[in-house]
Structures are given as structure tokens and as C-alpha cells.
Amino acid sequence: MTFRKKVLEIVKKIPKGKVMTYAEVAQAAGLPKAWRAVGNILSKNKNPKVPCYRVIKSTGEIGGYNRGKRKKISLLKKEGIKIKNSASGAGLLIN
DNA sequence: CGTATGACGTGCA
DNA sequence: GTGCACGCCATAC
């Protein structure tokens, strides 16, 4: 079980309507200091079953998305999460 | 095997 | 409040 796969598993287990930060995912994967790699892995994530859009930065920022940050925001909004500011503002509301 | 990179995080100016 | 720089880990080439 590589760290990469573990991270993907964790992200897959994220409940609907909820979000996790890269740091949280890394911690859940067993390497709380590997959030760096988490982002890197998700960026190269080729598994469509992984809702990588539910993973955000610890600062509350959206971060980025393979298919465009815009799309990520839309998906999160559908889940009940609204984005206050996508830049520096760092604000997302959960319902 | 070694180097470079990245969807980050925190600290400091 | 905003901007810049450093540090960290795993993956890719």
C-alpha cells in the first residue's frame, strides 16, 4: 500500500457534503507531514472515483483542480459548500 | 539513482 | 492586510 494509494482511499472515503484539508488527508494517511505529497498526488490523480475536489487547503482556500478551479467550486457548491473568496480571502461555508 | 517539481503550510517583513 | 521566502514529503522523469 503506497502512500499515494492510501491518500486516494482517504479521499474516496470523504463523506458527501464534507471537505477535508490536505493536512487532514495526509494525517489520515499516516504521514501528517506529507500534505506536500498529497497535493502532488491529487494533481496527478487519474482515478475518477476520487472526489479530489473535496480536498481543500488548511487555510480554507480551494486550492486548485485538474479540470479548473472553477469546476471544483461548482461541485462543492452542489454539495452544499459555498465559496466566499477564491483568492486570499480563504472562506468557504458548509451549508 | 539523483534531480526537479508541486492542487501546501507557516513564519516573517 | 498583503507579499515573499523557506521547509517539507512523495512522485515523476
Side-chain angles (χ1 to χ4, degrees):
Chain A
M1 181 70 82
T2 72
F3 183 74
R4 177 167 93 56
K5 204 160 183 187
K6 239 180 195 180
V7 172
L8 296 174
E9 283 291 306
I10 305 285
V11 177
K12 267 194 294 190
K13 284 174 192 167
I14 297 178
K16 188 179 162 198
K18 270 213 153 168
V19 294
M20 272 192 139
T21 67
Y22 294 97
E24 289 290 295
V25 175
Q27 189 175 359
L31 290 163
K33 288 161 133 203
W35 32 263
R36 257 308 182 166
V38 175
N40 204 343
I41 291 162
L42 291 177
S43 70
K44 286 159 188 155
N45 152 34
K46 61 181 179 7
N47 197 327
K49 296 271 173 219
V50 182
C52 37
Y53 62 86
R54 283 188 196 155
V55 186
I56 59 173
K57 301 213 319 184
S58 297
T59 54
E61 262 221 59
I62 303 302
Y65 195 50
N66 281 340
R67 308 195 60 199
K69 187 171 61 181
R70 251 289 302 172
K71 190 74 176 176
K72 186 171 183 175
I73 296 172
S74 286
L75 289 163
L76 289 173
K77 263 169 112 178
K78 273 186 184 177
E79 301 280 321
I81 299 157
K82 301 162 189 186
I83 313 306
K84 225 199 254 182
N85 239 324
S86 54
S88 62
L92 87 169
L93 303 165
I94 303 179
N95 265 345

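Protein chains get the first letters and strands the later ones, always in sequence-line order, with residue 1 at the start of each.
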- Rounded to whole Å, the OH-P distance (A:Tyr53 to B:dA7) equals 20 Å
- Quick check: does any side chain N or O of A:Lys69 sit under 3.5 Å from a backbone N or O of A:Gly63, one acting as donor and the other as acceptor? no
- Message: Using whole Å, what does the distance between atom P of nucleotide C:dA10 and atom CD1 of A:Ile10 come to?
- Response: 15 Å
- In a check of side chain to side chain contact (heavy atoms under 4.5 Å, CB included) between A:Val50 and each of A:Val7, A:Ile10, A:Val11, which one passes? A:Val11
- When rounded to the nearest 0.5 angstrom, what distance separates OH in A:Tyr65 from CG in A:Leu76? 9.0 Å
- Taking the side chain of A:Arg4 as its heavy atoms from C-beta onward, which of B:dG9, C:dA10, C:dT11 lies nearest to it? C:dT11
- Query: Which listed nucleotide (B:dG9, C:dT11, C:dA10) is nearest to the side chain of A:Trp35?
  - Reply: B:dG9
- Message: Whole angstroms only, please: what is the NZ-P distance between A:Lys33 and B:dT10?
- Response: 13 Å
- Report which part of the nucleic acid A:Ile41 touches: base, sugar-phosphate, or nothing (heavy-atom distance under 4.0 Å, all strands). sugar-phosphate
- Message: So, does A:Ser58 get its side chain near the phosphate of B:dG9, meaning an N or O under 4.0 Å from OP1 or OP2?
- Response: yes
- Query: Got a salt bridge between A:Glu9 and A:Lys12, using NZ or NE/NH1/NH2 to carboxylate O under 4.0 Å?
  - Reply: yes
- Item | 5'-most by nearest nucleotide on DNA chain B - A:Lys57 or A:Asn40 | A:Asn40
- Task: Give the rounded distance in Å between these two atoms: CG of A:Leu76 and C1' of B:dA7.
- Result: 13 Å
- In whole angstrom, give the distance that lies between atom CG of A:Leu8 and atom C1' of B:dA7. 13 Å
- Item | Whole-Å gap separating P (C:dT11) and NZ (A:Lys6) | 12 Å
- Taking NZ from A:Lys46 and C1' from C:dA12, how many angstroms apart are they, rounded to a whole number? 13 Å
- Query: Do the charged groups of A:Glu79 and A:Lys16 touch, with an N to O distance under 4.0 Å?
  - Reply: no
- Rounded to whole angstrom units, what separation is found between the NZ atom of A:Lys44 and the C1' atom of C:dA10? 8 Å
- Name the closest nucleotide to the A:Thr59 side chain, picking from B:dG9, B:dA7, C:dT11. B:dG9
- Proximal nucleotide (of B:dC8, B:dA7, C:dA10) relative to the A:Asn66 side chain: B:dA7
- What nucleic acid atoms does A:Phe3 come within less than 4.0 Å of, heavy atoms only: base, sugar-phosphate, or nothing? sugar-phosphate
